[in-house]
Amino acid sequence: MSAITLTDIRKSYPGGAQVLHGVSMDIQHGEFIVIVGPSGCGKSTLLRLLAGLDPCEQGELVIDGKRANDMPPQDRDIGMIFQNYALYPHMTVLENIAFGLELRKVPKAERLARARAVADTLQLTPYLDRKPGALSGGQRQRVAMGRAMARECSTFLMDEPLSNLDNALRVAMRTEIKDLHRQLGATIIYVTHDQTEALSLADRVAVMKDGHLQQFDTPDVIYDRPANRFVAGFLGAPAMNFVPADCINGWAGPHNVDVGFRPEALTLHRAPVSGPSIAARVALTEMTGATFIVHCESEAGRLSAVVARGDGLPEDGEDIWLSLSPSQALCFDAITGDRLDHFNTAQRQAGAPCAVAPA
Amino acid sequence: MSAITLTDIRKSYPGGAQVLHGVSMDIQHGEFIVIVGPSGCGKSTLLRLLAGLDPCEQGELVIDGKRANDMPPQDRDIGMIFQNYALYPHMTVLENIAFGLELRKVPKAERLARARAVADTLQLTPYLDRKPGALSGGQRQRVAMGRAMARECSTFLMDEPLSNLDNALRVAMRTEIKDLHRQLGATIIYVTHDQTEALSLADRVAVMKDGHLQQFDTPDVIYDRPANRFVAGFLGAPAMNFVPADCINGWAGPHNVDVGFRPEALTLHRAPVSGPSIAARVALTEMTGATFIVHCESEAGRLSAVVARGDGLPEDGEDIWLSLSPSQALCFDAITGDRLDHFNTAQRQAGAPCAVAPA
Amino acid sequence: MLRRITPYLFVLPLLAFIAVFTYVPIVQSVNLSMREWDFLSPTKPFVGFDNYRLLLDSREFWNALRVTAVFALFSVPLRLLLALFIASQLLRETWVSRLMRGALFLPAVTSTVAIGVVFSWVFSTDYGMMNALLTGLGLSKVAWLQEPQIALWVLIFVNTWKQLGYDIIIYIAGLQAIGTELYDAAAVDGGRKGHVFRRITVPLVMPTTYFLLMVSVIEAFQVFTIVDVMTKGGPAGATDLVVNMLYRVGFTLFDIGVGSALAVLLFILLITLAVIKSRVIGRKVHYEA
Amino acid sequence: MKPENPLLACLALAAGLLFLSPVLYSVWMSFQTTDAYYTGTIDFTLGNYEMAIGQYNFARYLLNSVIVSGLVTVIGLAVATCAAFAFARYTFGGSNLLFGAVVATLMIPSHITLIPNYLTLAKAGLLDTYAGLVLPAISNGFAAFFLRQYIRGIPRALDEAAYMDGASPLKVLRRVIIPLSKPAILSMGLYIFISEWNNYIWPLVAIGKEDLYTLQIGLARLYRVNPGEDIINWPLVMAASTITILPVIVGFVLVERHLIRGMMMGAVK
Amino acid sequence: DVTVEFWHSFGGASGEALAQIIEKFEAENADIKIDAQEIGNYNDIVTKLQAAIPAQRAPDAVIMEVTRYGLFADRGVLKDLTPYVDADPLKDDLFNFAREVGVYQGKNYIVPFNSSTPVLYFNKDIFERAGLSEDTPLGTYEDLLAAAQKITDTLGDEGITGIAAPGQFARWGLVMGNDSDLIDSVSGEIMLDAPNTIEAYEFMASLVHEHEVASPDGVTKENNGRDAFLAGRVGMMINSTGNYGRASSALGEDVAVVPMPCNKVCAVPIGGAGIGILSTSDSEVQDAAFKFISFAASPESNALWFSATGYMPINQKTAEQPLAIEALAEKPGIDVAINQLDVARGRPRPPVVTWMRASEYDLWQAMALGQREVSDVLTEFAERTRAEAERLKR
Ligand SMILES: Nc1ncnc2c1ncn2[C@@H]1O[C@H](COP(=O)(O)OP(=O)(O)OP(=O)(O)O)[C@@H](O)[C@H]1O
Ligand SMILES: Nc1ncnc2c1ncn2[C@@H]1O[C@H](COP(=O)(O)OP(=O)(O)OP(=O)(O)O)[C@@H](O)[C@H]1O
Ligand SMILES: [Mg+2]
Ligand SMILES: [Mg+2]
């Protein structure tokens, strides 16, 4: 039995436009689902429907086999970690963690014991008597997590739990969440707008845009076989380059399509090369640590390429040629933006350019 | 003549602890300086001293050859972009941009013309009559920039101008700022806690920690030859790994030091290898797009390695061996954390492990 | 189901009170205003709009309206301007400014009757502090509360003295909410004090001003205690504010019909004022930070 | 806190004293004997206080004021907090209209309802009772309006977190909203208390029994003695007025910090 | 046991005297308790009583000023006491004026308790210092003005003024002395705009605003004028004889009392108040209340009251009481009011008087402070009073 099943969920805010346009998903027990999408696409709204914080009026929501459209949040076995933690500022860390148990009438001794145990796992023991105001961002994040964990529910909803942290802490917390998931075996539904988080954490990723579910699949599939231009462009940093097929010299694939290739798939040359390539001029080179991003202007618009450090870097303003391996290219319908082929990895590795799939 | 010279600047807030502990810097005309450091290290404080918003009581601040410790902000030829934009909410975009000129008594016709021109450059023309409340994050950011640009000052201070934007917009704005710097030829001092921004934008990067300047040099030097463990660990994502030399099998370099190597410098093997290597067990593998991060547990603590996609990935829990090329390793004093050698790139490429420099 | 009615349960007690003690009475007032009654007679004959006609024809009513308008027109801006000025001087968290805030706020929390009594003494012609000061300076006495041209100003003064502290505190709150960053931005942009005050402070503190304007206009129409204690509407009706007249007609002359008619007219006036205010000013106030 | 420019500080202090001089002088006056006051000499006594409390029953008035203001404050806060919570957190059928009705009471002077309320309470037999003083005073939308503004500033996520933790709406109100609105509730409480403490016109009409006089009525009557009675005993009046002012000042000093903070957070959107 | 709730207006020394009377009464009548409450001044009592009617919280007995009980009698609020009075031997002992004062439209509604007339007080010390002899004639308006001017001229620098602005009772007295009235006591005709009334008001107003011999302080607050006199800052004051006790304790030997001036005729209004019984009370309580009324008007009680306050005796036998004899002997001037009784008149008491008296203050202020022409004010006021009287009759 699925943990959560959403069928054609729609949602409009009173007086606002429609936010969700028929979202359907089927989530298994113990899965780690990440929902991504640009700001305002309805991620939080979806989470709030799952939590029962907003009424679910259209479509059907089934939790553990029971219709849950009208179930109040108290009655769902769901813990939630809010985007901004939502810690109770007037309670200590211990009280924050134990509050959910108190509300569920767990006897005092037991709830304190459980809260302490959870705090211990999260290495929060030294801060038990502090109020949230006296904690650092990372510690707060862990309290929020502890509050949900103490309740030992079967499902956790997490709304951009790492968005307020700086990069270092973010990487560390990511690992911790993954560990946690493994320990608890709970279902986790995790919202973010950061594609790195999405790809690294998820069992399956749901990509949303403007209230429509674009694709719902494993990170590999999402990254390698995006359903459309939007998914392809949204995941990956720097973003995928899109070029009309006709702008590529030596292109052997289909015409009248947009060809997409990731910045890592481009190779820089100081002179014209054989095979598919694009002539461009270097606009700007950015060092980002281990790699450089080379931004170029070409007939087909701005392109970016990723170059490893140490390789000879072109000067700004220099004319260069970018070659691309057809096996790493994806073709998209120039009008609808849908990806046009569904050939398998074996074919790609054999070097075939993206071919229009038979209709 | 330098644009700005700071000599042994110290600062304490009344009643608070000391925030800046003697910062000295010398900034050239037209340079793009990025100040990085963890939250609370004094970056904004330093910027406020430069702007004249807080009094500069100890040390000496020289701007364009003139002592400026007590110069009020109005008299410094400095524009500032505040962390949260600080747009005037009751004024339209046009008024916001023109307000600085109004304060400086530029005649109305002229200031409107200038504001329009600036808005045009920033592609803000369609929004001239909107109030900031009706703009998106990116547009606000540009208004803040326009407000500074309209004044055509010789120096700009920018306090985390991109911290509120999402990833896509951030990358786009980064490019725009770089372009802008090139066009105006102004001196820019830019604060951030994002190392990618720091490395990609800066002519020189100043790394701060707890009110001390750790290192002030070009991005390449900062990245390749960090002055100490803090600088090495702060820049680069995922962060550099640090391991006591004695934990590395086959280590030919100095002992009793900490060896640091970036995740990209590690190579994964399924079997023991010759040369410097560390035995580890895979804890977690994260996909981040084009690459994987493999987190491992070893005797020496947690390590992370970056592996390209397509390479055979180890399973979680598998035992592996991480080899590292000594030429990419850095040695740090185990106690002070200072980097111990200053050998040149040629030596490194020749494959010599980091050797203790003669005392 | 329970979820649906929860909010109603929460607002019910307050709404019940408001209905019983504010809205039903307004309806009753309308009814009483068309009757003739003195509390003593067993009947309340219906007289239509006679009471309104009587009021609108009377010198007293127009006098009260005029006096109230003068009171509001001068006391409200005086209060707000003074309060904004003083508040902007007391923004910093120093002990002096905290002490000053306390001193200024004290009258606001002090009994109005006590203030009326004390100021009756302060402005009393023969024994008062004011005149003692004046004669001390070699000037002649002023009949503060007996001179019709002066008495209203004395009341405006006393009322301002009492309410100023409240306005100041609210303004301090509003000013602090503006935050320092906009001032920093203006400083970097080269702003001088006066210009920044006019172009940044005044417009940004508008929501506060609007709030205070609303509160203080209402208050100006409610001033009664000070009048009752200090002048009783005198001399010669010079301080006969509408509410004072209402009390006099209703509870000393017991002309319930006319008193109710006056209440109804006052109600209509205030609602009209409120609507005008929100039309004229309200619009300019709502911008997001 | 910063050290001040001493000159400025002195000036400010002087201005503050001048501002408060009427009150200060009246307190000083309350310690003078009547004879000394009228003859312009100086002679201190506590007799005026004794007289006010003993002969003029101000102790009783004080008690009445405390009871009435206390009840109005407690009940008013309870009722207003509940309503404020609902208006801040729910959208329900008619919520805008109802909230409008609440806000409109801000614009309706209580004097307009004076006569009908008097008649209503007379009919209910509640004149000359504490209830008659307390009940109409609770019909005030200001507290609900003020608290709603404040509660709206409390992140909604906190309530939602509590719901997720299993709380009922009443629990959320009690365990989350009320503790977090403490400064606003406290300052509103003081505000209500002071307003009621100073309430004058209503007790003036609603109370006939001397037993139930509040301080304000007692003071006003002491000041407006009968024609054909003693001359105004200013020191006595000032002693009574000091008794009237004092508890409020003490209360103010106690909650000053909360008050100023609360006002600041709540009043302006 | 019955309890009689009794509203009155006496505080201070008068209050104590009343308390003594009540104490004695309760000692004599163990089964009756008098719950006496000091409500405020006469105006306050009228107000409170009127407000109390719809609330059904009126007392059982109440002190009512002699011109303002008509409204309540008219509306049936007060019980007709005629049967009680007729059955009580007391009625033969009362002075004529005292019997008449409680009668409205042929029925007896109140029995007087404290009666007074206005008298003219002056401060001998101030007179002496101003160069006026104690025998300065004070019989006419001119006399008053001359004396007041003399005082103001000579002692003005010390902050001393000639005369206190007349209060409403004094104003009524001065109008009567000018051979007019506010409302004719017999016909009930409104005489506010009679030429003699206007003349009287013109004179009174001129004291304040033209000649400036009276401080305007007393215009807006009648007590201020009296207080200033008691404090020795005013030379003369016209006020109720009920102030006698207070005046002599404040000024001692310096106070002198003389009859009211007789500008055109000699006539003074009778003021004071009597006790009425509410028609809503139980008859048992009403009986007890009348017992108290009767006791309060007895020679013993009346003598105690007279000597303590200076209010006139109402009982012909009062003068024989030892307390009264003592007072008459030792307190010079306390008899002035009694001696004026020949020219004293009860005033009319139709319902409109209540309204008229409540409205007159404001107009007096307008005239005394020079806001409006006296004749205009009074003409208009007379009109409105007539209209109001019409309305009240309905
Ligand atoms: N209470 C509301 N009333 C009306 N519209 C709303 C409300 N809450 C959200 N919306 C709108 O619904 C859309 C989806 O909002 P939602 O919060 O789900 O976005 P999101 O995907 O979580 O975005 P973000 O990444 O910025 O958090 C937005 O366009 C938003 O403006
Ligand atoms: N007004 C102040 N009074 C007292 N201490 C202050 C004040 N402003 C800042 N500080 C302290 O000074 C230190 C440096 O603050 P600063 O704002 O310069 O940090 P920052 O490097 O800009 O951090 P962030 O990246 O979080 O913006 C912090 O520890 C902060 O707590
Ligand atoms: Mg969201
Ligand atoms: Mg900062």
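Below, read A as the first sequence line, B as the second, and so on, with proteins coming before strands; counting in each chain starts at 1.
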* **Contact class of E:Val77 relative to chain C, heavy atoms under 4.5 angstrom** => side chain
* Structure fact -> Counting heavy-atom pairs under 4.5 angstrom with chain C, the leader among E:Ile53, E:Val46, E:Asp74, E:Leu369 is E:Leu369
* To do: Please check if any side-chain donor atom of C:Trp144 sits under 3.5 Å from a side-chain acceptor atom of C:Gln146, or the reverse.
  => no
* Angle class for the C:Phe123/C:Phe119 ring planes (parallel below 30°, perpendicular above 60°, tilted otherwise)? -> parallel
* Side chain from CB out, backbone as N, CA, C, O: work out which of these in E:Gln371 comes under 4.5 Å of a heavy atom of chain C, or both, or neither. => side chain
* **Side chain, backbone, both or neither of C:Asp255 within contact of chain E (heavy atoms, under 4.5 Å)** => side chain
* To do: Taking the side chain as every heavy atom from C-beta outward, state whether C:Glu219 and C:Val76 have any atom pair closer than 4.5 Å.
  => no
* **Aromatic contact, C:Phe254 with E:Trp355 (centres under 6.0 Å)** => no
* Top contributor to chain E contacts, counting heavy-atom pairs under 4.5 Å, from C:Gly233, C:Ala143, C:Pro148 -> C:Pro148
* Rounded distance [0.5 Å steps], CG in C:Leu265 versus CG in C:Leu269 -> 8.5 Å
* Specify whether E:Tyr69 and E:Tyr109 have parallel, tilted or perpendicular ring planes, treating 30° as the upper limit for parallel and 60° as the lower limit for perpendicular. => tilted
* Top contributor to chain C contacts, counting heavy-atom pairs under 4.5 Å, from E:Thr354, E:Leu71, E:Asp217 -> E:Asp217
* Can you tell which of E:Ser215, E:Pro216, E:Ala366 has the highest number of heavy-atom pairs within less than 4.5 Å of chain C? -> E:Pro216
